[in-house]
2 protein chains.
Amino acid sequence: MRIITANVNGLRSAARKGFFDWLEGCGADVVCLQEVRASAAQVEEVGGKPPGWHVYQREAEKPGYSGVAIYSREPAREVVDHFNCAEFDAEGRYVEARFDGLRVVSAYLPSGSSGPERQAAKYRFLDEFALHLDKLARGRDEVVLCGDWNIAHTPIDICNDKGNRRNSGFLPAERGWLTEVLGRGWVDAFRQLYPAEEPGGYTWWSNRGQAFAKNVGWRIDYQLVTTGLAARLTRAEVYKAQRFSDHAPLIVDYAD
Amino acid sequence: MRIITANVNGLRSAARKGFFDWLEGCGADVVCLQEVRASAAQVEEVGGKPPGWHVYQREAEKPGYSGVAIYSREPAREVVDHFNCAEFDAEGRYVEARFDGLRVVSAYLPSGSSGPERQAAKYRFLDEFALHLDKLARGRDEVVLCGDWNIAHTPIDICNDKGNRRNSGFLPAERGWLTEVLGRGWVDAFRQLYPAEEPGGYTWWSNRGQAFAKNVGWRIDYQLVTTGLAARLTRAEVYKAQRFSDHAPLIVDYAD
DNA sequence: CTTACGAGG
DNA sequence: CCTCTTAAG
């Protein structure tokens, strides 16, 4: 089973860069997207409803903002497009597809980098989301939590750790929150497979300067999985051969 | 003497399309621009203050909106960047460069096509501007009134005359106003040289559809000149070899 | 720097 | 349809 997560920073922009051509041959069973920034109708207009895929989407109320989606080869038994948090459900940050014994989530955590107001919103999200993750972890189904978490966990998850200690996305409180989550039954799929890696596995590079060319990146896109799935991990890869967005897709394979 | 008028629809955009390369070799003594849509500093950033040219500019108060400029090989004796009409002077629609016995004006008349409010503004402009044109005509200097007038004068000045009789830019009241102006001492340079021409000489084509490819255009950019200059007209050309904008430059030569 | 939106044309 | 704005990232 192959699951991919990707922040596309505008699915219409990603489509222009060949995202849907790549999707066709990527071998995934489920693909989770964040920052779709388009309505279902707009997604359809750019070839975003390809045959052979089921598409489950949650838009933000504000047009062109945020938005998540799940593309699945198999139809979901059930789809839930919120986590019962009015403020952030209105921002289109959560969609969950339920299959037989498996739930796949596409989540887009707020960025706090635009200022203190959005950082405060990010902390509100983290509080609410932690409660929801606890509920998911206590359920019977295995779960893959895909998403752009907008948090780099440890110094090996970011290029310039010292310079970013006071920047949103690498603040001690954010990193501590993620450590807490990982202590409550969730496993970071990429890090489980490559625990002793040198700094790397980055999934995001700023558009400013030559960040991608110089690999000045952050690992902020994750698949967190329940322990049953962690035991089935076989491979993880950050796909950098094509650029669809300022983020790179994270591809994770699980033994069937 | 060669004088050129061009609505550049964003001078920064036109610069990306090679406008300043073309300017260097265009042979003009004076070039009048409309819809500059950039501040003097922004113009400078994109190479808009080339050596060998004097640049006289009037910005709108609203950033990125309207704005006119005059590029001149010779320095002006005097520059006036308004026509004493508070409403439209604030919109950056008039700049006049005064030379020995000659005044060159770059004027950008309002478009009314976005709705009744802007059409009403256009009529207010026409009323005020007519008074100003009368003053200019009564002066001692010869005058070249360059600009985007946002009015096609007669059926041979527009591709689809019947279909546009009720559209802003070809309304009877607008066309009548222009006829009035031409009756008070101003000569339409292009039409003076090519009076019996078939429909054509268009200077603007919609960006929608294939208007340029199909030559579905409007002649709305003019040089209106005082009678002394009308006698010196030698040549007029709409420059279509390169596209800097949805408008084409109008090049007019006057005997020295 | 890039993607969206909305105004204006 | 295109070029600007601003907000957001």
Side-chain angles (χ1 to χ4, degrees), chain A residues 7-17 19 34-39 42-43 46 59-67 91-93 108-115 117-119 121-122 148 150 167-169 204-213 216 218 220-221 243-247, chain B residues 7-17 19 34-39 42-43 46 59-67 91-93 108-119 121-122 148 150 167-169 204-213 216 218 220 243-247:
Chain A
N7 177 317
V8 291
N9 192 19
L11 185 49
R12 285 170 291 179
S13 164
R16 287 195 299 274
K17 296 168 184 159
F19 178 78
Q34 301 87 39
E35 279 206 272
V36 167
R37 302 179 74 169
S39 67
Q42 291 171 320
V43 167
V46 296
E59 304 168 21
E61 285 176 2
K62 197 197 301 192
Y65 178 71
S66 186
E91 289 186 357
R93 295 185 176 276
Y108 174 43
L109 275 67
S111 164
S113 61
S114 66
E117 251 178 46
R118 289 308 293 169
Q119 186 60 36
K122 185 174 185 176
D148 172 3
N150 268 314
N167 290 137
S168 178
W204 175 81
W205 302 261
S206 169
N207 273 322
R208 306 183 200 191
Q210 293 300 103
F212 185 76
V216 179
W218 301 43
I220 60 177
D221 299 271
R243 296 283 288 152
F244 307 119
S245 155
D246 49 348
H247 293 248
Chain B
N7 177 317
V8 291
N9 192 20
L11 185 50
R12 287 169 291 179
S13 164
R16 287 195 300 275
K17 296 167 184 161
F19 178 79
Q34 302 87 39
E35 277 206 274
V36 167
R37 300 177 79 165
S39 67
Q42 290 171 320
V43 167
V46 297
E59 304 169 24
E61 284 176 2
K62 197 196 306 192
Y65 178 72
S66 187
E91 289 187 358
R93 294 184 176 277
Y108 174 43
L109 275 67
S111 165
S113 59
S114 66
E117 250 178 48
R118 289 308 294 169
Q119 186 61 37
K122 186 174 185 176
D148 171 3
N150 268 313
N167 291 136
S168 178
W204 176 80
W205 301 262
S206 169
N207 274 320
R208 305 182 199 192
Q210 293 301 102
F212 185 76
V216 179
W218 300 44
I220 59 179
R243 297 282 286 151
F244 307 119
S245 156
D246 48 347
H247 294 249

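We name chains A, B, ... by the order of the sequence lines, and we start the count at 1 in each one.
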Nearest whole angstrom, please: distance from the [atom2] of [N] to the [atom1] of [X].
X      : N     : atom1 : atom2 : answer
A:N167 : D:dG9 : CG    : P     : 16 Å
B:Q119 : C:dG8 : CD    : P     : 15 Å
A:L11  : C:dT2 : CG    : C1'   : 16 Å
A:E91  : D:dA8 : CD    : P     : 10 Å
B:E61  : D:dT5 : CD    : P     : 16 Å
A:N7   : D:dG9 : CG    : C1'   : 9 Å
A:E35  : D:dG9 : CD    : P     : 7 Å
A:D246 : C:dA4 : CG    : C1'   : 13 Å

I want to verify a distance call: between [options], whose nearest atom is closest to the [X] side chain?
X      : options             : answer
B:K62  : D:dG9, C:dG8, D:dC4 : C:dG8
B:R37  : D:dG9, D:dC4, C:dG9 : D:dC4
B:R12  : D:dT5, C:dG9, C:dC5 : D:dT5
B:N9   : D:dT3, D:dT5, D:dG9 : D:dT3
A:S113 : D:dT3, C:dG9, D:dG9 : D:dG9

Side-chain touch [X]/[Y], heavy atoms, less than 4.5 angstrom:
X      : Y      : answer
B:N7   : B:S245 : yes
A:N150 : A:Y108 : yes
B:R37  : B:L11  : no

- Is a side-chain N or O of A:S66 found less than 3.5 angstrom from the main chain of A:E91, in a donor-acceptor match? yes
- Judged by atom type as modelled, is there a donor-acceptor pair below 3.5 Å linking the side chain of B:K122 to the main-chain atoms of B:S168?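 Here the side-chain-to-backbone pair does not exist.
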Heavy atoms under 4.0 Å, any strand shown: does [X] hit a base, just sugar-phosphate, or nothing?
X      : value
A:Y108 : sugar-phosphate
B:K17  : sugar-phosphate
A:Q42  : sugar-phosphate

Counting only side-chain N and O atoms of [X], is one of them less than 4.0 Å from OP1 or OP2 of [N]?
X      : N     : result
B:R118 : C:dG8 : no
B:S13  : D:dT3 : yes
B:Y65  : C:dG9 : yes

- Message: Both A:N207 and A:A38 contact DNA chain C. Taking the nearest nucleotide for each, which residue is further toward the 5' end?
- Response: A:N207
- Message: Given the structure, check if the side chain of B:R208 and the base of C:dG9 hold any donor-acceptor pair shorter than 3.5 Å.
- Response: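 Per atom types, the contact qualifies.
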- Task: Indicate the ring-plane relationship of B:W204 and B:H247, choosing parallel, tilted or perpendicular according to the 30° and 60° boundaries.
- Result: tilted
